[in-house]
Amino acid sequence: MRFYQQLNPIVAVLSIDFQAPSAHLAQMKQEIDWILKALEDDPEKTKTGLARALNVDKSAISRLLRGERRLKFDEAQKASVYLGVSPTGIPTGFEEPGAEFTTESATRPTAPFYRVVDTTGGIWKLDQSSPIELRKRPLDFETVEGVFGFYVPNSDMYPRFRIGESVWTSPNRPAAIGEDALIMPYGEKLPQLDVFLCVLKSIDDQTITAHQYGSARERQFSRADWQALHVLGRN
């Protein structure tokens, strides 16, 4: 009864017909059973890791596993890759219109994740001397050369990016005005680089102007020395 009451606030979102709640609860249970089993079977897979793979807060995973949140189609794909299993018992109504669920190949290319250290004034130190881990690339960056990622070290870009969330960057695509961007210097790959995660406010022949949500900090960078790189937006 308590679980049924907890679902009441999201009736409109889920379009659940509460004339027959048991069928819908059973459907939601089907959507998460395979995730629960995978987490139980592999102690190296965690709710924290799953949250990172889905690019959501850990609290969202807790709600999902309690049956208080529906599993989205693209989240199921990401969960399948992270957990290394194929989803089972997924009802037809789970899929997006016209979408076909396919488990991504375990051989999907990986890319390095580097350590980032919080310094001062919004500038972070990106350590490219050696990756802290290799992670499967996002689909948007699957074939892009030079892609890399890192974990957000502080709240300078909160709520757009939270501490511990992953950031994927393409060194081959410039950021557009209004997009999330990573400001970093031109030049060869160095062991350590200064970087600035931001929203690109403006750019001209001389200057890059960027700001951060959390700190309300705005900085300018010389186009002669710095570039604004595309950052994969959060889901």
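With rounding to the nearest 0.5 Å, the separation of CZ in Arg69 from OG in Ser59 is 9.0 Å. Rounding to the nearest 0.5 Å places OG of Ser166 at 8.5 Å from CZ of Phe161. A distance of 9.0 Å separates OG1 in Thr169 from CG in Leu232, rounded to the nearest 0.5 Å. With rounding to the nearest 0.5 Å, the separation of CG in Asn55 from CD in Glu165 is 5.5 Å. If you take CH2 on Trp124 and CG on Asp118, they are separated by 7.5 Å, rounding to the nearest 0.5 Å. Taken to the nearest 0.5 Å, the CG atom of Leu50 stands 11.0 Å off from the NZ atom of Lys58.
Between Ile183 and Ala228, the closest heavy-atom pair is CD1-CB, 3.5 Å. Nearest heavy-atom pair across Leu200 and Ala181 is CB-CB, 4.3 Å. Nearest heavy atom pair, residue Phe141 against residue His230, reads CZ-CD2, 3.6 Å.
Sparse packing is recorded around CZ of Arg115, with 12 or fewer heavy atoms of other residues, nucleotides or ligands lying under 6.0 Å away.
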Exercise. Can you list the steps and then say if Arg135 with Thr110 is a side chain to side chain contact (heavy atoms under 4.5 Å, CB included)?
Worked result: CA-CA 5 Å; Arg135 291 186 54 182; Thr110 60; over 6 Å; no
For this session: Report the C-alpha separation of Val167 and Leu182 in whole Å, then their side-chain angles, then the decisive distance to 0.1 Å, and conclude whether the side chain to side chain contact (heavy atoms under 4.5 Å, CB included) test is met.
Result: CA-CA 9 Å; Val167 176; Leu182 186 70; 5.8 Å; no
For this session: Give the intermediate values and the outcome of side chain to side chain contact (heavy atoms under 4.5 Å, CB included) for residues Ser170 and Leu229.
Result: CA-CA 6 Å; Ser170 170; Leu229 302 181; over 6 Å; no
Exercise. Going through the checks in order, is the side chain to side chain contact (heavy atoms under 4.5 Å, CB included) test met by His211 and Arg217?
Worked result: CA-CA 5 Å; His211 75 273; Arg217 183 183 292 114; over 6 Å; no
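Residue Ile177 is grouped with residue Phe196 when hydrophobic side chains (ILVMFWY) are merged at heavy-atom distances under 4.5 angstrom, including chains of intermediate members. Note on Leu54: it clusters hydrophobically with Leu39, by side-chain heavy-atom contacts below 4.5 Å among ILVMFWY residues. Using a 4.5 Å cut-off between side-chain heavy atoms of Ile, Leu, Val, Met, Phe, Trp and Tyr, with links allowed through other members, Val152 and Val116 fall into the same hydrophobic cluster. Hydrophobic cluster membership is shared by Met157 and Tyr114, with clusters built from Ile, Leu, Val, Met, Phe, Trp and Tyr side chains linked at under 4.5 angstrom. There is no path of hydrophobic side-chain contacts, each under 4.5 Å, that joins Leu134 to Leu126.
Here Lys47 pairs with nothing under the side chain to side chain donor-acceptor pair (under 3.5 Å) rule; sequence neighbours left out. Qualifying side chain to side chain donor-acceptor pair (under 3.5 Å) partners for Gln192, counting only residues two or more places apart in sequence or in other chains: none. For Asp140, the side chain to side chain donor-acceptor pair (under 3.5 Å) test picks out no residue, with sequence neighbours left out. Not a single salt bridge (charged side-chain N to carboxylate O under 4.0 Å, His left out) links Arg63 to another residue, sequence neighbours left out. Glu179 meets the salt bridge (charged side-chain N to carboxylate O under 4.0 Å, His left out) test with Arg173; sequence neighbours excluded.
Cation-pi geometry between Arg52 and Tyr151 is met: the NZ or CZ atom falls under 6.0 Å from the ring centre, inside 45° of the normal. Tyr213 does not carry Arg160 over the face of its six-membered ring by the limits of under 6.0 Å from the centre and within 45° of the normal.
Pro153 is not listed as a side-chain neighbour of Ile163, based on a closest heavy-atom distance of 4.5 Å or more. Taking the side chain as every heavy atom from C-beta outward, Tyr186 and Asp225 never approach each other to under 4.5 Å. Contact check for Leu193 versus Pro185: side-chain heavy atoms found under the 4.5 Å cut-off. Contact of the Arg219 side chain with the Ile208 side chain is not registered, since no non-hydrogen atoms from C-beta on lie closer than 4.5 Å. A 4.5 Å side-chain heavy-atom check between Ser155 and Arg162 finds every atom pair outside the cut-off. The shortest distance between side-chain heavy atoms of Trp168 and Val231 does not fall below 4.5 Å. In this structure, the side chains of Leu83 and Ile35 come closer than 4.5 Å at one or more pairs of heavy atoms. Annotation: side chain of Phe221 is not in contact with side chain of Thr209 (no heavy-atom distance under 4.5 Å).
Judged by distance alone, with hydrogens and angles left aside, the side-chain atoms of Gln212 form a donor-acceptor pair with the main-chain N or O of Leu197 at under 3.5 Å. Formation of a donor-acceptor pair under 3.5 Å by the Asn172 side chain with backbone atoms of Gly146 is not found in this model. Asp57 contributes no side-chain N or O that, together with a main-chain N or O of Ala60, makes up a donor-acceptor pair within less than 3.5 Å. A donor-acceptor pair is defined here as one N or O able to donate and one able to accept, closer than 3.5 Å; such a pair exists between the side chain of Arg137 and the backbone of Val144.
Salt bridge Lys201/Glu218: present, at least one basic N to carboxylate O contact under 4.0 Å.
Sequence neighbours left out, the pairs with a member in residues 35-46 that pass side chain to side chain donor-acceptor pair (under 3.5 Å) are Lys37-Asp41.
Not less than 6.0 angstrom separates the ring centroid of Phe113 from the ring centroid of Phe150.
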